Amino acid sequence: MRYWLMKSEPGNYSIDDLKRDGKTDWTGVRNYQARNFMHKEMKVGDLALFYHSNAEPSGVVGLMKVSGEARPDRFQFDKKSDYYDEKATREEPIWFCTEVAFVEKFAGVVSLADLRANPKLAKMEILRKGSRLSVTPSTKDEIKEVLKMAGAIFKL
DNA sequence: GCCAACGTTGGC
DNA sequence: GCCAACGTTGGC
């Protein structure tokens, strides 16, 4: 079992959207490293923090669970989509998404400043200077700590 | 394979 | 809106 942090701009897709939908395909990842995490390393049952980027404030807002293995991201074939990729074919897709399911929305945002202020999270990938990856691996201890900070109901 | 130019992310 | 810190592209 592995642990992750996944970013989304709430204007694009928020924790409330996931709560409403119950589950969703995590589409739109167009970075090879992030893709490889989803395609090769993420497994059904893994846990992931939901992070709002470009938000007020930016930070961790909830928890989700990987509910479906990586499959081709349908938007790479959709000419009308911002995520269209002319080099991708049905036979040889380039971009993949996993399916994630809603677990919990936290009572409040654990902001980036909160994360930075916690020495136990000093090694978290998201806190690295210049870190921009939208899907990053985390650790059980880090997730546990964030859940604690959030006053989460879910117990690890 | 190098690297300059350009594009993107995302905090502030 | 600014800009640091990347990632990608393409000429050579």
Side-chain angles (χ1 to χ4, degrees), chain A residues 2-21 24-42 46-64 66 70-100 102-139 141-152:
Chain A
R2 296 198 58 179
Y3 305 88
W4 307 92
L5 182 145
M6 298 166 85
K7 296 183 191 174
S8 177
E9 298 192 19
N12 190 22
Y13 196 84
S14 72
I15 186 72
D16 290 317
D17 293 326
L18 182 60
K19 186 177 183 181
R20 178 199 63 214
D21 297 341
T24 193
D25 285 332
W26 201 263
T27 56
V29 171
R30 292 293 179 272
N31 169 287
Y32 288 106
Q33 218 182 327
R35 178 203 68 178
N36 291 344
F37 283 139
M38 284 202 294
H39 189 35
K40 300 188 171 144
E41 302 195 32
M42 217 175 258
D46 286 359
L47 289 171
L49 295 171
F50 194 132
Y51 180 93
H52 279 175
S53 59
N54 271 318
E56 204 44 64
S58 292
V60 179
V61 292
L63 183 70
M64 52 198 177
V66 177
R71 63 182 96 158
D73 178 335
R74 64 188 179 279
F75 294 109
Q76 69 194 302
F77 310 121
D78 180 356
K79 284 189 176 159
K80 293 193 294 287
S81 168
D82 286 345
Y83 298 115
Y84 176 67
D85 188 333
E86 59 178 10
K87 293 196 285 294
T89 63
R90 301 262 174 196
E91 294 71 32
E92 282 188 78
I94 298 173
W95 304 109
F96 294 83
C97 57
T98 50
E99 184 194 80
V100 291
F102 178 82
V103 174
E104 180 177 351
K105 178 187 174 181
F106 300 150
V109 181
V110 181
S111 72
L112 191 58
D114 296 337
L115 298 173
R116 284 195 197 287
N118 188 333
K120 289 183 184 162
L121 301 177
K123 289 188 177 164
M124 242 183 136
E125 187 65 24
I126 186 100
L127 301 180
R128 256 191 48 241
K129 193 175 181 184
S131 165
R132 297 184 312 170
L133 270 188
S134 63
V135 177
T136 49
S138 187
T139 67
D141 286 345
E142 286 167 355
I143 302 274
K144 254 188 164 163
E145 188 63 21
V146 174
L147 290 175
K148 193 167 130 194
M149 292 168 80

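Protein chains get the first letters and strands the later ones, always in sequence-line order, with residue 1 at the start of each. Treat the numbers as computed from the prediction; the structure is a model and nothing was measured.
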Engineer: Going by heavy atoms in the side chains, are A:Thr27 and A:Arg74 under 4.5 Å from each other?
Structural biologist: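 Yes - at least one pair of side-chain heavy atoms lies under 4.5 Å apart.
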Engineer: Identify every side-chain donor-acceptor pair in residues 142-151 of chain A under 3.5 Å, counting partners at least two apart or on other chains, and give the distances.
Structural biologist:
unit_1	atom_1	unit_2	atom_2	d
A:Glu142	OE1	A:Ser138	OG	2.7
A:Glu142	OE1	A:Thr139	N	3.2
A:Glu145	OE2	A:Asn118	ND2	3.0

Engineer: Give me the atom names and distance for the closest heavy-atom approach of A:Trp26 to A:Lys7.
Structural biologist: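 Minimum heavy-atom contact is CZ2-O, 3.3 Å.
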Engineer: Say you draw a straight line from CD of A:Gln33 to OG1 of A:Thr136; how long is it, rounded to the nearest 0.5 Å?
Structural biologist: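 A:Gln33 atom CD to A:Thr136 atom OG1 measures 10.0 Å (nearest 0.5 Å).
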Engineer: Using a 3.5 Å cut-off and no angle test, enumerate the donor-acceptor pairs between side-chain atoms of residues 92-100 of chain A and protein atoms at least two apart in sequence or in another chain.
Structural biologist:
unit_1	atom_1	unit_2	atom_2	d
A:Trp95	NE1	A:Asp85	OD2	2.8
A:Glu99	OE1	A:Ser67	OG	2.7

Engineer: Just verifying a value: how many Å separate A:Asp73 CG and A:Tyr83 OH, rounded to the nearest 0.5 Å?
Structural biologist: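 Rounded to the nearest 0.5 Å, the CG-OH separation comes out at 9.0 Å.
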Engineer: Hey, mind stepping through A:Gln76 and A:Lys87 against side-chain contact (heavy atoms from CB on, under 4.5 Å) and telling me if it holds?
Structural biologist: CA-CA 9 Å; A:Gln76 69 194 302; A:Lys87 293 196 285 294; over 6 Å; no
Engineer: For DNA chain C, which residues in residues 109-118 of chain A have a heavy atom at a distance below 4.0 Å?
Structural biologist: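 Nucleic-acid contacts, sorted: none.
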Engineer: Please collect all side chain to side chain donor-acceptor pair (under 3.5 Å) contacts where either partner lies in residues 11-20 of chain A, sequence neighbours excluded, each pair once.
Structural biologist: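 Matches after skipping sequence neighbours: A:Tyr13-A:Asp21, A:Ser14-A:Asp17, A:Asp16-A:Lys105, A:Asp17-A:Arg20.
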Engineer: Please list residues of residues 26-34 of chain A whose heavy atoms come under 4.0 Å from any atom in DNA chain C, ordered by number; otherwise none.
Structural biologist: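 Within this stretch, A:Asn31, A:Tyr32, A:Gln33 sit under 4.0 Å of the strand.
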Engineer: Identify all side-chain donor-acceptor contacts of residues 122-133 of chain A below 3.5 Å with residues at least two apart in sequence or on another chain.
Structural biologist:
unit_1	atom_1	unit_2	atom_2	d
A:Glu125	OE2	A:Arg128	NH1	2.3
A:Ser131	OG	A:Glu125	O	3.1

Engineer: Which distance, rounded to the nearest 0.5 Å, do you find between the CG of A:Leu63 and the CZ of A:Phe106?
Structural biologist: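 Rounded to the nearest 0.5 Å, the CG-CZ separation comes to 5.5 Å.
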Engineer: So how far off straight is the helix from B:dG1-C:dC12 to B:dC12-C:dG1, going by the axes through five pairs at either end, to 10°?
Structural biologist: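 About 10°, once rounded to a multiple of 10°.
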Engineer: In chain order, what residues pass the side-chain contact (heavy atoms from CB on, under 4.5 Å) check against A:Arg2, with sequence neighbours excluded?
Structural biologist: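 Here the qualifying residues are A:Trp4, A:Glu41, A:Asp46, A:Pro137.
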Engineer: Could you state the atom-to-atom distance from CD of A:Glu56 to C1' of B:dC12 in whole Å?
Structural biologist: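 After rounding, the gap between these two atoms is 9 Å.
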Engineer: Identify each atom pair where a protein N or O and an N or O of nucleotides 4-8 of chain B are less than 3.5 Å apart, giving names and distance.
Structural biologist:
unit_1	atom_1	unit_2	atom_2	d
B:dT8	O2	A:Arg132	NH1	2.4

Engineer: Going from OH on A:Tyr84 to CZ on A:Phe75, what distance comes out if it is rounded to the nearest 0.5 angstrom?
Structural biologist: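 Rounded to the nearest 0.5 Å, the OH-CZ separation comes out at 14.5 Å.
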Engineer: Can you list every pair that meets side chain to side chain donor-acceptor pair (under 3.5 Å) and has a residue in residues 50-64 of chain A, with sequence neighbours left out?
Structural biologist: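 Every side chain to side chain donor-acceptor pair (under 3.5 Å) pair that includes a residue of residues 50-64 of chain A, provided the two are not neighbours, is A:Glu9-A:Asn54.
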Engineer: What's the CE-P distance between A:Met6 and B:dT9, to the nearest Å?
Structural biologist: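 The answer, rounded to whole Å, is 16 Å.
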Engineer: What parts of residues 70-85 of chain A reach DNA chain C, counting only heavy atoms under 4.0 Å away?
Structural biologist: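 Residues of residues 70-85 of chain A that come under 4.0 Å of DNA chain C do not exist, since none gets that close.
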Engineer: Using the side-chain hydrogen bond (donor to acceptor under 3.5 Å, both in side chains) criterion, which residues pair with A:Ser111? Sequence neighbours excluded.
Structural biologist: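 A:Ser111 satisfies side-chain hydrogen bond (donor to acceptor under 3.5 Å, both in side chains) with A:Asp114 only.
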